[in-house]
Amino acid sequence: MADNKKILISIPENLLKELDIASKNDNTNRSDFIRKSIRFYLIEKRKIEIREKMRAGYLEMSNINKSITEEYSKGDYEDFLSYETKLLGSE
């Protein structure tokens, strides 16, 4: 606890009442409840940021995969037409 710093914050009265009820239900005091809440918030915020980066990465990869598939599909179709044309020409 020696590393703890005291801060002064302002919160609406209704939120203070909810804080008191929640901290009482958790058998703790305001300071401990607020510390845990801040840690929880920071962890959850970090998870959301990671999920958003992963989502952006998956979307980028899906666009890359789509363009690769379209490029090779077009080449395969052209190869197929060339093969069919040669096949018909040999008959």
Leu81 backbone acceptor or donor facing Thr85 side chain under 3.5 Å | yes
Going from CD1 on Ile9 to CD1 on Ile34, what distance comes out if it is rounded to the nearest 0.5 angstrom?
-> 4.5 Å
Where do Ala22 and Phe33 come nearest, in terms of heavy atoms and distance?
-> CB-CZ, 3.4 Å
Does a sphere of radius 6.0 Å around CD in Glu44 hold more than 12 heavy atoms from other residues, nucleotides or ligands, not counting ones at 6.0 Å or beyond?
-> yes
Here the gap from Lys36 atom NZ to Asp26 atom CG, rounded to the nearest 0.5 Å, amounts to 6.5 Å
Nearest-0.5 Å distance that lies between atom CD in Glu71 and atom CG in Asp76 | 11.0 Å
If two hydrophobic side chains count as joined below 4.5 Å and joins carry through other members, does Leu15 share a cluster with Leu19?
-> yes
To the nearest 0.5 angstrom, please state how far the CD1 atom of Ile48 sits from the NZ atom of Lys53.
-> 13.5 Å
Could you state the interatomic distance from CZ (Arg39) to CD1 (Ile43), rounded to the nearest 0.5 Å?
-> 8.5 Å
Connected via hydrophobic side-chain network under 4.5 Å: Ile38 and Ile7 | yes
Verdict with supporting geometry, Lys24 and Asp20, salt bridge (Lys or Arg N to Asp or Glu O under 4.0 Å) = CA-CA 6 Å; Lys24 184 179 179 182; Asp20 288 340; over 6 Å; no
Can you tell me how far NZ of Lys66 sits from CG of Asn63, rounded to the nearest 0.5 angstrom?
-> 7.0 Å
Short question: side chain of Asn29, backbone of Ser31 - any donor-acceptor pair under 3.5 Å?
-> yes
Side chain of Ser62, backbone of Leu59: donor and acceptor closer than 3.5 Å?
-> yes
Apply the test side-chain contact (heavy atoms from CB on, under 4.5 Å) to residues Ile50 and Met54: give CA-CA distance (whole Å), side-chain angles for both, the deciding distance (0.1 Å), then the verdict.
-> CA-CA 6 Å; Ile50 289 170; Met54 290 176 68; 3.9 Å; yes
Heavy atoms of other groups near Glu60 CD, more than 12 under 6.0 Å = no
Just do the side-chain contact (heavy atoms from CB on, under 4.5 Å) check on Arg30 and Leu16 with the steps written out, would you?
-> CA-CA 9 Å; Arg30 288 178 180 168; Leu16 180 61; 3.6 Å; yes
